[in-house]
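Step one of this worksheet: look at the structure below.
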There are 2 protein chains.
Amino acid sequence: MARAASTKGRTRIQREKTEQILDAALEVFSTYGFRGSTIDQIATEAGLSKPNILYYFDGKEAIHGVLLDRLLHKWLEPLNQLTDSDDPTREICDYVMRKLEMARDFPRESRLFANEILQGAPRIHDQLTGSLKTLTDEKATLIQHWIDKGKIAPVDPHHLIFSIWSTTQHYADFDVQVQSVLGDKSEQRFEIAADHLNKMFRAVLKK
Amino acid sequence: MARAASTKGRTRIQREKTEQILDAALEVFSTYGFRGSTIDQIATEAGLSKPNILYYFDGKEAIHGVLLDRLLHKWLEPLNQLTDSDDPTREICDYVMRKLEMARDFPRESRLFANEILQGAPRIHDQLTGSLKTLTDEKATLIQHWIDKGKIAPVDPHHLIFSIWSTTQHYADFDVQVQSVLGDKSEQRFEIAADHLNKMFRAVLKK
DNA sequence: TCTGTTTCTGACCATATGGTCAAGACTATG
DNA sequence: CATAGTCTTGACCATATGGTCAGAAACAGA
């Protein structure tokens, strides 16, 4: 087994190189998808030789696997922060903003996820029906409570969450399209998107 | 040059086989992306031999190219139908429904498009900044007119369109995730989505 | 049925790709 | 500064993949 996989970054070099490789791999995988990426591409991007990459990781799948693991944790975080509050509309809009910030600051992670889902989620199907479903159901129940208490307008909680995911992730996954369509006005796309989404979800939730 | 490319389906066999190949290719490309797909996969899916595929098409790129061409036309159609009307809210919601129907009835096309955009749209970048931008700008202007006339609430037209694209296409591109999260309730996902999106965009546009 | 054309395929080629390995280079520590 | 352990790489292998080609099989019209 490769060093890095077993001993989690024992030496300084191991920690550095491992991160270097993972960063390069994220760049490549998020752009070309798993099958479309080659170890050589990752090696070039990382400024290392191919055998050197394979000294730290057991293979292409192993690198991809580590990236997906990290991703899923990061992905659930913003939703985790959604809790009960006196101002549910604000609580939900805050979540929208957190997701939009992630699309802006971590577009590669978003695209890695999108690629995986598009291909039928072969490697993360269990997490989708497991931890993701559990967490989503939990938050959907919370939203339903708010509706029952008359604090927000009646909406299907699950589909509201889907709308939040899709509208925010769109600015990462479809960035090329967004920029192409906006042309020279694409500079402030995230500010305008924030304003627009804020308005939109407030309107939906308003009684 | 391959037969099918030059003479547009002259004989019966040419028309049939060409369609057969394109259908198989759509299935494969939409699932694995361009680089992740092989001619052998397409051949197997189509029930033909690899050389036979290459008898009808000049290569992998050529097949993909034809699919993208057809796709783009189909993709712009629903937006094209958005025209001036006494009831702009209804007009926009109708567009949302048309897009949602496309996500339901042509998920492979949606995923093919998503794959292409995700990878930076190397093959359709010109169309994005060309015909897509032109059409989108045109419809954005129309929406702005409606706003100026006070017929709908003020929204950023471009970002409204992005929201429509993302929320509807989500049900095709992220179907695995949607089904995983909804679990046994995923059967009626499109009906509930239609209801939800209808409500949502009505709320956004309401003055 | 004959014949020119279209359709199809097994065998083949060049290159790309994931992965291995032995040996050399480097590094930390006594 | 010696040396045990860590790190790196050129050369190599097996397989996958895009694509070619000569000739066989099927077909359509006379």
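Per chain, numbering begins at 1; letters A, B, ... match sequence-line order. Computed over heavy atoms, backbone and side chain alike; hydrogens, waters and symmetry mates excluded.
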Q. Phe29(B) and Asn115(B): which non-hydrogen atoms are nearest, and at how many Å?
A. O-ND2, 3.7 Å
Using only side-chain N and O atoms of [X], determine if any of them is under 4.0 Å from OP1 or OP2 of [N].
{"X": "Lys17(A)", "N": "dT8(D)", "answer": "yes"}
{"X": "Gln14(B)", "N": "dT7(C)", "answer": "yes"}
{"X": "Tyr55(B)", "N": "dT7(C)", "answer": "yes"}

Can you name the residues that form a salt bridge (Lys or Arg N to Asp or Glu O under 4.0 Å) with [X], not counting sequence neighbours?
{"X": "Arg104(A)", "answer": "none"}
{"X": "Glu101(A)", "answer": "none"}
{"X": "Arg123(B)", "answer": "Glu61(B), Glu116(B)"}

Atom pair distance, as rounded to whole Å: [atom1] in [X] and [atom2] in [N]:
{"X": "Tyr56(A)", "N": "dT6(D)", "atom1": "OH", "atom2": "P", "result": "11 Å"}
{"X": "Phe57(A)", "N": "dC7(D)", "atom1": "CZ", "atom2": "P", "result": "13 Å"}
{"X": "Asn52(B)", "N": "dA25(D)", "atom1": "CG", "atom2": "C1'", "result": "12 Å"}
{"X": "Glu16(A)", "N": "dT8(D)", "atom1": "CD", "atom2": "P", "result": "10 Å"}
{"X": "Phe29(A)", "N": "dT17(C)", "atom1": "CZ", "atom2": "P", "result": "13 Å"}

**Q.** His196(A): ring pair (Phe, Tyr, Trp, His ring centres under 6.0 Å) partners, not counting sequence neighbours
**A.** none
Q.
Suppose we screen for ring pair (Phe, Tyr, Trp, His ring centres under 6.0 Å). Which residues come up paired with Phe201(B), at least two apart in sequence or across chains?
A. none
Contacts under 3.5 Å, N or O only, protein and nucleotides 20-27 of chain C:
none

Q) How would you list, by chain and number, every residue that makes a side chain to side chain contact (heavy atoms under 4.5 Å, CB included) with Ala194(A), sequence neighbours excluded? A) Met97(A), Leu100(A)
Q.
Can you list everything that forms a side chain to side chain contact (heavy atoms under 4.5 Å, CB included) with Asp87(B)? Sequence neighbours excluded, please.
A. Ser85(B), Thr89(B), Arg90(B)
(Q) Give the residues of residues 33-43 of chain B touching DNA chain C, defined as any heavy atom closer than 4.0 Å, sorted by residue number. (A) Arg35(B)
Q) Between His64(A) and Phe57(A), is the gap from one ring center to the other below 6.0 Å? A) no
